[in-house]
Structures are given as structure tokens and as C-alpha cells.
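Predicted model, so just to flag it, every value in this text is computed and none were measured. Just so it is clear: chains get the letters A, B, ... in the order the sequence lines come, proteins before strands, and each one is counted from 1.
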Amino acid sequence: MQSRDNQFIQLRKQKLEKLRAAGINPYPVKSARTHSVGDVLADRESWISSQQEVCLAGRLVAMRRQGRIGFGNIEDASGRIQIYVAQNLVGEENYELFKLCDAGDFVQVGGTLFNTEAGEYSLKTIRIELLTKNLRPLPAVKEKLVDGKTVRYDEFSDIELRYRKRYLDLLLNPGNRQVFIQRSRVISAIRSFLDAKGCLEVETPVLQPLYGGANARPFVTHHNTLDTDLYLRIATELYLKRLIVGGFEAVYELGKDFRNEGMDRTHNPEFTMLELYVAYSDLDGMIAVTEEMIRHLAQNVIRKDIYNFRGHQVNLAQPFIRASMLDLVKEHAGIDLSDFDYGRALAFCKGHKLEVSPEAGVGKLIAVIFEAFVEEKLIQPTFVTDFPKEISPLAKAKPDNPQLADRFELIIAGHEFANAFSELNDPLDQRARLEAQARLRALGDEEANVVDEDFLEALEYGMPPMGGLGIGIDRLVMLLTENDSIKEVILFPQMKPE
RNA sequence: GGUCCAGUAACUCAGCGGUAGAGUAUCUGCCUUUUAAGCAGAGAGUCGUUGGUUCGAGUCCAACCUGGAUCACCA
């Protein structure tokens with residue numbers, strides 16, 4: 001957009017030459033920082049009374065020069081502090097350097113702490129040195145404290161620019177930086193939570209010869225040496241299950257999945273997924289761990305119970321609701337399909353102009369009705385159970401009803417947050433279900449599962465009964481940081497090349 | 001992919017078919033306790049792109065590009 005030099009860049013390059021001519025290296029190797037800004041912001045009185053000399057380093061974010069004195073603010077990761085630079089304290093030569101500094105430069109500043117006449121805690125500079133010369137001016141953002149609240153002027157707020165140049169967003173919008181700090185804490189807390197339960201974090205291939213574990217179209221790439229196409233994984237499921245066959249009893253993976261689908265407010269082509277598998281557990285075990293973990297994150301990481309999300313108030317402190325899909329369909333769509341009557345289901349869909357493909361079975365139709373009539377109405381966290389087996393090719397059937405899968409999805413504010421089942425471990429049943437998926441594929445369903453013979457062979461060696469769970473981490477972070485767009489919680493969301 | 005909205009200076013934005021604007025930022029001058037510093041002055045633009053209508057287009061029309069919202073698809 002502005003790659004060629006504008007007036008600002010030309011001026012700064014001239015300053016760079018002046019600095020070099022004065023024998024100053026604008027990009028020195030070493031910094032002599034002794035303290036962080038955060039260090040001197042704590043326990044201010046003792047810093048002032050001790051008059052201990054410190055050297056701070058950071059980015060100069062504001063300059064207010066007036067004749068032979070000047071003020072600036074420097075910021076490092078721990079905070080921001082005002083510096084007071086006076087010619088009679090730093091000397092004429094060093095003051096000339098200060099005059100060549102711009103907002104955006106990295107500097108290190110030696111001095112002692114004091115309060116100015118206006119009462120602002122500041123560093124009284126005795127020496128200022130350049131650490132990195134800035135060539136491209138930062139967008140101007142000013143702020144003012146009004147009644148303890150920070151009012152910001154000319155914010156860097158263009159959404160496209162914020163995503164494309166995230167470094168500027170982080171630098172200029174501290175609130176947005178906070179979102180990613182929270183994200184990191186959430187992910188870290190998930191690890192500790194699962195580790196404390198005895199789960200083992202593992203890494204499985206991103207590049208897979210066959211993809212599976214979800215319904216989605218994959219990205220395809222090519223390995224030159226093997227001269228073979230490989231897929232970027234759409235899920236980690238089938239590899240994690242192999243590990244349970246291998247004797248691990250509780251494994252999880254936190255990592256990126258890739259799905260070659262549309263992008264919108266809740267979908268990015270690469271996204272972070274948590275998958276967890278626990279042997280000898282089942283759906284109830286997964287419900288318990290999901291609810292406990294999400295509440296733990298809300299209460300102990302974010303430290304709130306109520307979240308504003310998509311125009312709703314979501315309460316993560318109260319017990320999550322549990323309801324079966326057929327009951328919900330009955331309640332919200334007014335049709336009882338517990339008899340799995342295909343004709344009535346189809347008539348209902350047609351009557352409500354719901355789009356259904358001709359190869360869809362009654363289970364798929366029930367899911368379509370659920371999505372159209374129920375999903376958006378589930379605001380408070382709700383475990384929707386008893387999915388049709390037909391649309392759950394990797395889940396075990398319910399013992400008391402072979403049409404239903406022992407599966408749940410957690411819906412919050414009309415969006416899916418988690419998906420779990422009692423995992424199917426009958427190798428022959430699993431083969432039959434994958435082959436049924438393959439038939440759908442042959443009929444043109446590009447998102448149907450493929451038959452993974454290696455996985456089926458692993459199942460034949462025996463996989464213990466277990467519960468499995470997947471949680472979309474980006475969406476969870478959206479909820480916990482109260483953001484309505486996935487792009488707000490992914491540092492570098494996918495954008496079209498400029 | 002459909003529909004709607006937006007794109008003008010580094011940032012945030014005005015702009016009625018008739019010479020391209022403001023605030024901040026920047027530059028120059030004055031200024032030794034400022035803090036959205038102040039005062040005085042100055043510079044800064046291929047108005048997203050390409051066509052068209054018109055004596056004349058930032059403004060009207062068309063197509064395209066990028067982003068957003070929404071619907072569809074998608075878990």
C-alpha cells in the first residue's frame with residue numbers, strides 16, 4: 001500500500017545519515033538494560049528515595065520536546081513510563097541525539113526516578129542511547145486520562161489493516177494485545193488441567209497420506225522425495241485412537257487442523273483444535289471433563305462467570321443443560337421423530353423449504369431440522385445428546401437404541417463448541433460405517449469420510465472402550481474474550497493476498 | 001456464491017457534478033517540569049483500480065480488487 005518512500009520515511013532516512021555521520025550506530029548489537037519498566041513502576045517511593053540509577057530500554061512511543069528540555073514515554077512489554085530529558089543533565093551532545101529521536105525508535109535511558117512538578121512519576125535521564133532507529137512512523141494514537149478512564153484519539157482501528165499488520169494492532173491497541181495474552185493463558189491452563197488428570201500430550205502428523213476424523217474437504221500438498229500427495233490433517237482423531245490401541249490410556253493433542261472450506265466469522269482455514277481420548281471412559285466422562293474444564297477456564301483464568309457473546313449473556317458458572325436432540329426437535333420444531341420416520345421427516349423439511357440432498361437419510365434430516373430450528377435457540381451451554389448414528393460414523397451406538405449414537409455436541413449461543421462420543425471400537429462396525437461414508441463420497445459428498453485401512457487394521461488389534469472429545473479452541477477463546485469474530489483471536493488470520 | 005455497506009494525506013474522518021479539506025501526526029521557529037503540551041508558520045494526495053457519461057467526476061454509471069455485515073454452504 002505504501003511501500004515506496006513517503007515524506008516521513010525520507011526524513012527519517014536523512015536523520016539516519018546524520019546519526020551515522022556523528023559516529024552513532026543506529027542499530028547497535030548490545031543493550032545495557034538493567035531493569036524493566038515494570039520493575040520501576042512497582043514500589044515507586046523506594047525507587048525515588050534510593051535514587052538508584054537504572055537503565056531502561058524500550059520503544060519511544062511519544063515525544064513532547066520544548067526547547068532545551070523534553071519529555072517522552074518509553075514502553076516495554078511490562079509497561080510504560082515517562083522520561084524527562086534536560087540538556088543540562090544529559091549534556092549538549094547527548095541532547096542533540098535526543099532531538100534526532102522519533103516516536104517509534106527503540107532507546108535505552110539511564111537515570112533515576114522522580115516525580116515531576118505535575119506529579120507524574122518519571123525517569124530523570126542522565127544518558128539516552130539509540131538502540132534501533134525507526135524508519136516508518138507509527139500511526140498517531142493519543143490518549144488522555146479522564147476520570148481514571150483512558151480516552152483514545154485517532155485509534156488505529158481499520159479492521160483490514162489491523163489483521164494484515166497485526167504487529168501495529170498489538171503495538172497500538174493494548175486491549176487487543178490482552179486478547180492474545182488471555183488466549184495464551186487459556187491454552188496453558190488447558191494443558192495443566194489435562195496434565196493434572198494424567199493425560200499425555202502427544203504430537204501426531206500434520207501431513208497425512210489419508211485424512212479422516214471429520215467431514216471436511218482437505219488441503220492437498222505433495223512430497224517430492226516420496227512423490228506422493230499428502231493431506232493437511234482435518235482432525236487428529238484417527239492417529240490419537242491408534243495411540244490408545246498402542247497402550248496409552250489418556251492422550252490429547254492441541255494443534256492446528258486445516259479445512260479447505262469457506263471462511264467467515266467463525267471459520268478460519270487453519271484453526272486450533274483440542275482432541276482428547278480417555279480409555280475406559282465414555283460419553284458421561286467427556287461431559288464431565290468438558291464442563292469442568294470450561295468452567296475452570298472461566299473462573300480461574302478469566303475470572304468471570306458471565307460472558308457477553310453474540311449479543312447474549314452466557315453464564316458459565318451454572319450447570320450446563322443436557323438435552324437430547326430428538327426432544328429438542330420436538331420442542332422447537334414441533335415434530336416428534338423418535339420413530340425415525342423418513343417420510344414425515346422429509347415432508348417436514350420440504351414443507352419448511354429446508355435444503356436436503358436426495359441421499360440424505362432420516363438421521364441427516366433430523367440434523368438439518370435441528371440446525372434450522374433449534375441450534376440458534378440454545379444460548380446457555382447445552383450438551384445436545386443422542387445424535388443420529390447415521391451422521392456419527394465414528395461414534396458407538398447407544399445400547400438401548402441402535403439408531404442413536406452415544407454422542408454430544410456442546411452448543412453455546414447457537415454455536416458448536418465441542419463434539420464428543422463414546423468411541424466406536426468394533427472394527428467390523430467401523431468398517432461398515434466408513435464404507436457407507438465412502439458410498440456417500442462416490443455420490444458426490446466431498447466431505448464424507450474416506451476408508452482408512454491402516455486405521456481399521458489398528459482397530460482389529462483391539463481398542464478399549466473410551467470417550468473422545470474435540471473442542472475448537474479459537475471459538476472457546478472467542479467466548480472467553482467476548483469476541484464475535486474468529487479473526488480477533490487468531491494472530492494472523494487468513495487474508496487474501498493484497 | 002447472493003445482498004448490503006465501506007475504500008480520500010501516515011492515522012481517524014468530512015467532502016453538495018465546478019480549483020482537494022479538517023483534527024492528529026510530520027517539518028520549521030519560540031519555549032527548562034510537559035503530558036491529547038502550547039503559540040506561529042509550512043509541507044504533505046494517482047480520492048482502491050479500469051472504463052464510461054459529462055464542457056467538467058472524489059461525487060453519477062459499469063466492471064473489477066480488498067475488507068466488513070448478512071444469508072447460503074460449512075460443524
Novice: For nucleotides 26-30 of chain B, give me every protein contact, N/O to N/O, under 3.5 Å, one pair per line with atom names.
Specialist:
| from | atom 1 | to | atom 2 | distance (Å) |
| --- | --- | --- | --- | --- |
| B:C27 | OP1 | A:K15 | NZ | 3.1 |

Novice: Quick one: list whatever passes ring-ring contact (aromatic ring centres under 6.0 Å, His included) with A:F71, sequence neighbours left out.
Specialist: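 With neighbours one apart ignored, the set is A:Y84.
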
Novice: Using a cut-off of 4.0 Å on non-hydrogen atoms, how would the nucleic acid contact of A:E155 be classed: base, sugar-phosphate, or nothing?
Specialist: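 It contacts sugar-phosphate atoms only.
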
Novice: Looking for any heavy atom pair under 4.0 Å, which part of the strands does A:F387 touch: base, sugar-phosphate only, or nothing?
Specialist: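 Result for A:F387 = base.
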
Novice: With sequence neighbours left out, what residues match A:F408 under ring-ring contact (aromatic ring centres under 6.0 Å, His included)?
Specialist: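 Applying ring-ring contact (aromatic ring centres under 6.0 Å, His included) to A:F408 gives A:F383.
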
Novice: Carefully, step by step, assess A:F320 and A:F417 under the rule ring-ring contact (aromatic ring centres under 6.0 Å, His included).
Specialist: CA-CA 13 Å; A:F320 292 8; A:F417 277 73; 9.9 Å; no

Novice: Is there a donor in the side chain of A:N449 and an acceptor in the side chain of A:Q437, or the other way round, less than 3.5 Å apart?
Specialist: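 The criterion, which ignores hydrogens and geometry beyond distance, is satisfied for A:Q437 and A:N449.
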
Novice: Counting only heavy atoms not in A:Q51, do more than 12 fall under 6.0 Å of its CD?
Specialist: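 Atom CD in A:Q51 is packed in, count exceeds 12.
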
Novice: Mark yes or no for a side-chain to base donor-acceptor pair under 3.5 Å between A:T116 and B:U34, with no hydrogen or angle criteria applied.
Specialist: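 By the distance-only test, yes, there is a pair.
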
Novice: Ignoring hydrogens and angles, does a donor from either the side chain of A:R68 or the base of B:U32 sit under 3.5 Å from an acceptor on the other?
Specialist: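 A donor-acceptor contact between them is absent.
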
Novice: Report the residue (A:F71 or A:D158) whose heavy-atom-nearest nucleotide on RNA chain B is the more 5′ of the two.
Specialist: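 Final value for this comparison: A:D158.
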
Novice: Checking A:E129 now: which residues fulfil side chain to side chain contact (heavy atoms under 4.5 Å, CB included) with it, not counting sequence neighbours?
Specialist: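 If we apply the side chain to side chain contact (heavy atoms under 4.5 Å, CB included) test to A:E129, skipping adjacent residues, the hits are A:Q108, A:R127.
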
Novice: Only pairs at least two apart or in different chains count here, so list each salt bridge (Lys or Arg N to Asp or Glu O under 4.0 Å) that has a residue in residues 375-392 of chain A.
Specialist: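 Counting only pairs at least two positions apart or across chains, the salt bridge (Lys or Arg N to Asp or Glu O under 4.0 Å) contacts touching residues 375-392 of chain A are A:D386-A:K398.
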
Novice: With P as the reference atom in both, quote the distance from B:G58 to B:G18 in angstrom, rounded to an integer.
Specialist: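 Straight-line distance between the two P atoms is 10 Å.
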
Novice: More than 12 heavy atoms of other residues, nucleotides or ligands under 6.0 Å from NZ of A:K15: is that the case?
Specialist: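 Counting neighbours around NZ of A:K15, more than 12 heavy atoms of other residues, nucleotides or ligands fall under 6.0 Å, so yes.
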
Novice: So what does A:A214 hit on the nucleic acid, given a heavy-atom distance under 4.0 Å: a base, only sugar-phosphate, or nothing?
Specialist: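 Since no nucleic acid heavy atom lies under 4.0 Å of A:A214, the category is nothing.
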
Novice: Considering non-hydrogen atoms only, spot the tightest contact between A:L491 and A:R166 and give its length.
Specialist: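 Between these two residues, the closest heavy atoms are O-NE, 2.7 Å.
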
Novice: Between B:U50 and B:C4, how far is it from one P atom to the other, in whole Å?
Specialist: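 Those two atoms are separated by 25 Å.
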
Novice: With a 4.0 Å cut-off on heavy atoms, is A:R407 in touch with a base, just the backbone sugar-phosphate, or nothing at all?
Specialist: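 Counting heavy atoms under 4.0 Å across all strands, the contact made by A:R407 includes a base.
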
Novice: Taking atom C1' in both B:U26 and B:A63, what distance in whole Å separates the two?
Specialist: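 Going atom to atom, C1' in each nucleotide, I get 38 Å.
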
Novice: What residues from residues 77-94 of chain A pass a heavy-atom cutoff of under 4.0 Å to RNA chain B?
Specialist: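 Those residues whose heavy atoms fall under 4.0 Å from RNA chain B, taken from residues 77-94 of chain A in numerical order, are A:Q82, A:Y84, A:N88.
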
Novice: Looking only at atom P, what distance separates B:A25 and B:C64, rounded to whole Å?
Specialist: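 About 42 Å, rounded to a whole number of Å.
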
Novice: If you check the A:E117 side chain, which of B:A36, B:C11, B:U33 turns out closest?
Specialist: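 Between B:A36, B:C11, B:U33, the one nearest the side chain of A:E117 would be B:U33.
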
Novice: Considering only the P atoms, how many Å lie between B:G43 and B:G48, rounded to the nearest integer?
Specialist: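 These two P atoms come out 24 Å apart once rounded.
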
Novice: Could you measure between the two P atoms, the one in B:A44 and the one in B:A10, and give it in whole Å?
Specialist: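 Going atom to atom, P in each nucleotide, I get 12 Å.
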
Novice: Is a side-chain donor-acceptor pair under 3.5 Å present for A:N134 with A:R12?
Specialist: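 On atom types as modelled, these side chains qualify, holding a pair under 3.5 Å.
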
Novice: Is there a side-chain polar atom (N or O) of A:K487 under 4.0 Å from OP1 or OP2 of B:G67?
Specialist: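 No, outside the criterion.
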
Novice: List the residues meeting salt bridge (charged side-chain N to carboxylate O under 4.0 Å, His left out) with A:R64, not counting sequence neighbours, and say none if there are none.
Specialist: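 In terms of salt bridge (charged side-chain N to carboxylate O under 4.0 Å, His left out), with neighbours along the sequence ignored, A:R64 is linked to no residue.
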
Novice: Any chance the side chains of A:Q313 and A:N308 put a donor and an acceptor closer than 3.5 Å?
Specialist: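 On atom types as modelled, these side chains qualify, holding a pair under 3.5 Å.
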
Novice: Please step through salt bridge (charged side-chain N to carboxylate O under 4.0 Å, His left out) for the pair A:K13 and A:E17, ending with a clear verdict.
Specialist: CA-CA 6 Å; A:K13 284 186 173 168; A:E17 289 317 307; over 6 Å; no

Novice: Classify the nucleic acid contact of A:T266 as base, sugar-phosphate or nothing, counting any heavy atom under 4.0 Å across all strands shown.
Specialist: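 Contact class for A:T266: none.
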
Novice: Can A:R183 and A:T272 be counted as having a side-chain donor-acceptor contact under 3.5 angstrom?
Specialist: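 Yes, a side-chain donor-acceptor pair sits under 3.5 Å.
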
Novice: With sequence neighbours excluded, what pairs up with A:E331 under the salt bridge (charged side-chain N to carboxylate O under 4.0 Å, His left out) test?
Specialist: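 Listed in chain order: nothing, the list is empty.
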
Novice: Below 3.5 Å between N/O atoms, which protein atoms pair up with nucleotides 64-66 of chain B? Just atom names and distances, please.
Specialist:
| from | atom 1 | to | atom 2 | distance (Å) |
| --- | --- | --- | --- | --- |
| B:U66 | OP1 | A:K496 | NZ | 3.4 |
| B:U66 | OP2 | A:K496 | NZ | 3.2 |
| B:U66 | O3' | A:R164 | NH2 | 2.9 |
| B:U66 | O2' | A:E160 | OE1 | 3.1 |
| B:U66 | O2' | A:E160 | OE2 | 2.1 |
| B:U66 | O2' | A:R164 | NH2 | 3.4 |

Novice: According to side chain to side chain contact (heavy atoms under 4.5 Å, CB included), who are the partners of A:S157, at least two apart in sequence or on a separate chain?
Specialist: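 Expected list: A:E155.
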
Novice: Could you work out the separation of B:C13 and B:U32 based on their P atoms and round it to a whole Å?
Specialist: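 One P to the other, the span is 38 Å.
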
Novice: Going by atom types only, do A:T204 and A:E253 share a side-chain donor-acceptor pair under 3.5 Å?
Specialist: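 On atom types as modelled, these side chains qualify, holding a pair under 3.5 Å.
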
Novice: Using a heavy-atom cut-off of 4.0 Å across all strands, would you classify A:D264 as base, sugar-phosphate, or nothing?
Specialist: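 Touches a base.
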
Novice: Could you report the tightest heavy-atom contact between A:I234 and A:R259, atom names first, then the distance?
Specialist: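 That would be O-NH2, 2.9 Å.
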
Novice: Base, sugar-phosphate, or nothing for A:E120, non-hydrogen atoms under 4.0 angstrom?
Specialist: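 A:E120: base contact, heavy atoms under 4.0 Å.
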
Novice: Just the atom pairs and distances: protein N or O near nucleotides 2-4 of chain B's N or O, under 3.5 Å.
Specialist:
none

Novice: Could you check whether A:E261 gets within reach of a base, just the sugar-phosphate, or nothing at all, counting any heavy atom under 4.0 Å?
Specialist: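 Touches sugar-phosphate only.
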
Novice: Where the side chain of A:S157 is concerned, which of B:G68, B:C11, B:U12 is the nearest nucleotide?
Specialist: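 Of the options given, the side chain of A:S157 lies nearest B:U12.
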
Novice: Can you tell me, in whole Å, how much space there is between the C1' of B:G45 and that of B:U19?
Specialist: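 Between the two C1' atoms, the distance is 15 Å.
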
Novice: Any chance you could encode RNA chain B as dot-bracket? Rule is Watson-Crick or G-U wobble with both distances under 3.5 Å; [ ] for pairs crossing earlier ones, | for another strand.
Specialist: (((((((..((((....[..)))).(((((.......))))).....(((((..]....))))))))))))....

Novice: With a non-hydrogen cut-off below 4.0 angstrom, is A:F114 in contact with a base, only sugar-phosphate, or nothing?
Specialist: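 Base contact.
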
